[in-house]
Amino acid sequence: MPELPEVETVRRDLSRLYLGQTLQTLSVTGPRTVRRHAAELLSAVEGRALRRLGRRGKYLLFEWDDGQILVVHLRMSGQLLARAAGAAGAAGAATVPHTHAVLGFGPAGELHFVDPRTFGEFFLTTSDLPELAHLGPDALLATPAYLAQALAGRRAPLKALLVDQRVLAGIGSIYADEICATAGLRPFRPGGSLRRGQVARLATTIVAVLEAAIVARGSTLGDQQYRDVLGEVGHYQLEHRVYGRKGLPCPTCGAPVERVQLGAKSAYQCRKCQH
DNA sequence: ACAAATACCTGTAAGC
DNA sequence: TGCTTACAGGTATTTG
């Protein structure tokens with residue numbers, strides 16, 4: 001599932017392919033793709049040039065030359081895939097199933113939004129991003145001082161706090177488990193139970209794991225859902241210590257990785273290496 | 001203020 | 001083999 005490293009990989013791909021290009025057409029056919037306002041409002045960005053591609057947590061920001069911002073969230077199954085110009089049209093390749101939107105950049109080609117589970121969304125907003133005001137700092141900017149105050153007194157499990165976008169923006173289930181494993185901390189520990197040194201180690205581990213995952217272009221799981229803009233898989237799953245590895249040996253101690261139930265969700269951990 | 005449960009959705013895996 | 005059920009996940013919303 002796309003989390004910060006996957007969204008950042010997509011952001012860099014998009015920047016390389018479409019920065020400075022003019023959006024000629026934006027066609028949205030998915031009935032659930034635009035939920036926060038009328039879908040017709042999206043036509044306001046047709047004719048605008050793409051000035052910058054940004055990211056806040058898992059949200060992609062297409063910033064246009066008039067200041068409007070198109071926000072895209074891939075949620076669980078969303079993909080943004082580059083296609084040659086005219087690919088959606090008459091002759092030649094048909095669009096793949098679950099294609100809900102097409103951005104036409106003229107000679108630079110098309111960008112197709114494909115999302116089988118239809119949880120992903122598009123919306124148009126202004127540069128002050130009021131819809132994203134609730135997000136905490138981007139997880140790549142995590143510091144010991146910030147985490148210490150964010151976790152202080154919290155009884156909720158550490159993993160629940162790591163995936164809470166109001167605490168830090170960008171971490172989901174995969175990277176929360178990998179961060180806990182790398183930091184040697186059990187995911188179901190109350191967030192407020194960490195000692196000062198553990199909080200500091202957690203902060204540096206968050207940044208290190210996410211940066212390593214960006215280098216590996218993200219994680220593509222067994223369902224093959226995550227793809228970059230050119231349709232290629234990521235490779236960070238090969239470096240996973242625990243996520244998706246139930247029963248397989250912990251890379252540090254060889255003990256079998258276990259999966260523990262954590263409320264409605266679950267977490268992977270090595271009982272021997274994490275405390 | 002915080003914590004936990006739930007709805008949303010579809011492809012896939014596991015179960016009978 | 002074929003059918004049914006459970007599960008995966010991020011976020012907004014509701015409930016406790």
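Bear in mind the structure is a predicted one, so any value in this text is a computation, not a measurement. A note on names: the letters A, B, ... follow the listed sequences, proteins ahead of strands, and every chain is numbered from 1.
Each of A:G222 and A:M76 was assigned the nucleotide of DNA chain B with the nearest heavy atom; the assignment lying further toward the 5' end belongs to A:M76. Between A:A152 and A:R75, it is A:A152 whose nearest contact on DNA chain B lies nearer the 5' terminus.
Atom CD of A:Q261 and atom P of C:dG9 are 10 Å apart (whole Å). If you take NE2 of A:H73 and C1' of C:dA12, they are 12 Å apart, rounded to a whole angstrom. In this entry the distance linking NZ of A:K246 with P of B:dA13 reads 16 Å, nearest Å. One can place CD of A:E121 at 14 Å from C1' of B:dC9, the figure rounded to the nearest angstrom. Atom CZ of A:F119 is separated from atom P of C:dA8 by 14 Å (rounded to the nearest Å). One interatomic measurement links the two molecules: CG of A:L74 to P of C:dT11, which rounds to 11 Å at whole-angstrom precision. Separating the CZ atom of A:R36 from the C1' atom of C:dA12 is a distance of 9 Å, rounded to the nearest angstrom. Between the CZ atom of A:R56 and the C1' atom of C:dT11 there is a distance of 15 Å, given to the nearest Å.
Using a 4.0 Å cutoff on non-hydrogen atoms, the parts of residues 156-177 of chain A near DNA chain B are A:A156, A:P157, ordered by number.
Of the residues listed (A:V71, A:L70, A:L53), the one engaging A:L61 in a side chain to side chain contact (heavy atoms under 4.5 Å, CB included) is A:V71, and it is the only one. A:S77 pairs in a side chain to side chain contact (heavy atoms under 4.5 Å, CB included) with only one of the listed residues (A:V114, A:T118, A:D115, A:D223), which is A:D115.
Within the structure, every side-chain polar atom (N or O) of A:H98 is placed at least 4.0 Å from both OP1 and OP2 of B:dT10. Put simply, A:R155 has no side-chain N or O that comes within less than 4.0 Å of OP1 or OP2 on B:dC2. Here A:R259 reaches the OP1 or OP2 of C:dA8: one of its side-chain N or O atoms lies under 4.0 Å away.
Listed candidates were B:dG11, C:dG9, B:dC9. Nearest to the side chain of A:K265 is C:dG9. Nearest to the side chain of A:Y59, among C:dG9, B:dC2, C:dA12, sits C:dA12. Between C:dG9, B:dC8, C:dT11, one nucleotide has an atom nearer to the side chain of A:R32 than all others, and that is B:dC8. The side chain of A:T118 lies closest to B:dC9 when the candidates are B:dG11, B:dC9, C:dG9.
Within 4.0 Å (heavy atoms only), A:Q225 reaches no atom of the nucleic acid at all. Within the 4.0 angstrom heavy-atom criterion, only backbone atoms of the sugar-phosphate kind lie near A:Y243; the bases stay farther away.
Note on ring orientation: taking the six-membered ring where Trp is involved, the planes of A:F105 and A:Y18 are parallel (angle under 30°, cut-offs 30° and 60°). A:W64 and A:F62 have parallel rings, their planes meeting at less than 30° on a 0 to 90° scale where 60° marks the start of perpendicular.
Side-chain atoms of A:R189 and A:Q198 form a donor-acceptor pair, as typed in the model, at a separation below 3.5 Å.
A salt bridge between A:D138 and A:R55 is present, with a side-chain N of the basic residue lying under 4.0 Å from a carboxylate O of the acidic one. Under the 4.0 Å criterion applied to side-chain N and carboxylate O atoms, A:R217 and A:D13 are assigned as salt-bridge partners.
One hydrophobic cluster, built from ILVMFWY side chains closer than 4.5 Å, holds both A:L23 and A:V229.
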